[in-house]
Amino acid sequence: MEDLLLKKCVPCDKKDLSPMREETANRFRLQVPKWELVSDDHGVMKLRRKWKVKTFLQGLEFFKVVAYLAQAEDHHPDLHLVDSLNITIELCTHACGGLTENDFILAAKIDKLPLQQFLRHMTNFLSC
């Protein structure tokens, strides 16, 4: 499997873009081990990762950094800021109703962003 960091997301309007199977998703997930593979209420697979930020404003700055990357890749995640300090990012290619390689590419690139400055340093919080 080629390094996800070297790839670029492909346009989601391609007619041949289809959601990957769970076995394929599990193989790709090995390259982004901090992300979990989840299914929503309709059985649509997504990638999810959680963080805890220092302050509400730090959470918004965190989103800004992720948003610039997402815009550059032309692949946009679902961003959630709950209870002012808890961030969750979910990735799914909505255009095809499931996971594609684009989601794993973006996850790998998010993992390399300089986000540590926004995060709380908690010894029991494993997702950071």
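By convention here, the first residue in the shown sequence is residue 1.
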J.: Are any of the side-chain nitrogens in Glu101 or Lys7 under 4.0 Å away from the carboxylate oxygens of its partner?
T.: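 Salt bridge flag = yes for Lys7 with Glu101.
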J.: Would a hydrophobic clustering, with Ile, Leu, Val, Met, Phe, Trp and Tyr connected at side-chain separations under 4.5 Å, put Leu60 with Phe118?
T.: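 Yes, because Leu60 and Phe118 connect within a single hydrophobic cluster, where side-chain heavy atoms sit under 4.5 Å apart.
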J.: Does a salt bridge link Asp74 with Lys8, judged by any charged N lying under 4.0 Å from a carboxylate O?
T.: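 Not counted as a salt bridge, because no side-chain N and carboxylate O are separated by less than 4.0 Å.
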J.: Are side-chain heavy atoms of Arg29 and Glu36 found at a separation under 4.5 Å?
T.: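 No - every pair of side-chain heavy atoms lies 4.5 Å or more apart.
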J.: Step through the shown structure and confirm whether more than 12 heavy atoms of other residues, nucleotides or ligands are within 6.0 Å of CG on Asp40.
T.: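 Counting neighbours around CG of Asp40, more than 12 heavy atoms of other residues, nucleotides or ligands fall under 6.0 Å, so yes.
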J.: Under 4.5 Å between any side-chain heavy atoms of Thr100 and Leu17, yes or no?
T.: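 Yes - at least one pair of side-chain heavy atoms lies under 4.5 Å apart.
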J.: How about Leu91 and Arg49: do any of their side-chain heavy atoms sit closer than 4.5 Å?
T.: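 Answer no - side chains too far apart.
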J.: Could you grab the distance from atom CG of Leu99 to atom CG of Leu37, nearest 0.5 Å is fine?
T.: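 Answer rounded to 0.5 Å: 6.0 Å.
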J.: Supply the atom-to-atom distance Asp78 CG to Arg48 CZ, rounded to the nearest 0.5 angstrom.
T.: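 Atom-to-atom, Asp78:CG and Arg48:CZ are 10.5 Å apart.
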J.: Spell out, yes or no, whether Leu57 and Trp51 are grouped together once hydrophobic residues are joined by side-chain heavy atoms under 4.5 Å, including indirect joins.
T.: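 Leu57 clusters together with Trp51.
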J.: Answer yes or no: is there a side-chain heavy-atom contact under 4.5 Å between Asp83 and Leu85?
T.: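 SC-SC contact between Asp83 and Leu85 ruled out.
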J.: Are side-chain heavy atoms of Asp103 and Phe28 found at a separation under 4.5 Å?
T.: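 Not touching, per the 4.5 Å side-chain cut-off.
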J.: Indicate yes or no: at least one non-hydrogen side-chain atom of Lys50 is less than 4.5 angstrom from one of Asn86.
T.: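 The answer is no; the side chains never approach within 4.5 Å.
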J.: Could you state whether Val32 and Val38 fall into the same hydrophobic cluster, counting links through intermediate Ile, Leu, Val, Met, Phe, Trp or Tyr residues with side-chain heavy atoms under 4.5 angstrom apart?
T.: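 No.
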J.: Test of understanding: with ring-ring contact (aromatic ring centres under 6.0 Å, His included), list the residues that count as partners of Phe63, not counting sequence neighbours.
T.: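 Scan of Phe63 (ring-ring contact (aromatic ring centres under 6.0 Å, His included), adjacent residues dropped) gives none.
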J.: What's the separation between atom CD in Gln117 and atom CD in Glu61, rounded to the nearest 0.5 Å?
T.: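 Between atom CD of Gln117 and atom CD of Glu61 there are 8.5 Å.
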J.: To the nearest 0.5 Å, how far apart are CZ in Arg120 and NZ in Lys54?
T.: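 The NZ atom of Lys54 is 10.5 Å from CZ of Arg120, to the nearest 0.5 Å.
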J.: Measure the CD-CG distance between Gln31 and Asp3 for me, rounded to the nearest 0.5 Å.
T.: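 Answer rounded to 0.5 Å: 6.5 Å.
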J.: NE2 of His76 to SG of Cys9: how many Å apart, nearest 0.5 Å?
T.: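 The distance works out to 9.5 Å.
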J.: Can you check whether Cys92 reaches Val44 side chain to side chain, under 4.5 Å on heavy atoms?
T.: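 A side-chain contact exists here, since the closest heavy-atom pair is under 4.5 Å.
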J.: Membership question, hydrophobic clusters at under 4.5 Å side-chain separation (ILVMFWY): are Tyr68 and Leu81 in the same one?
T.: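 Shared cluster, no.
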J.: Would you mind reporting whether Ile89 and Ile87 have side-chain heavy atoms less than 4.5 Å apart?
T.: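 Ile87 reaches Ile89 side chain to side chain.
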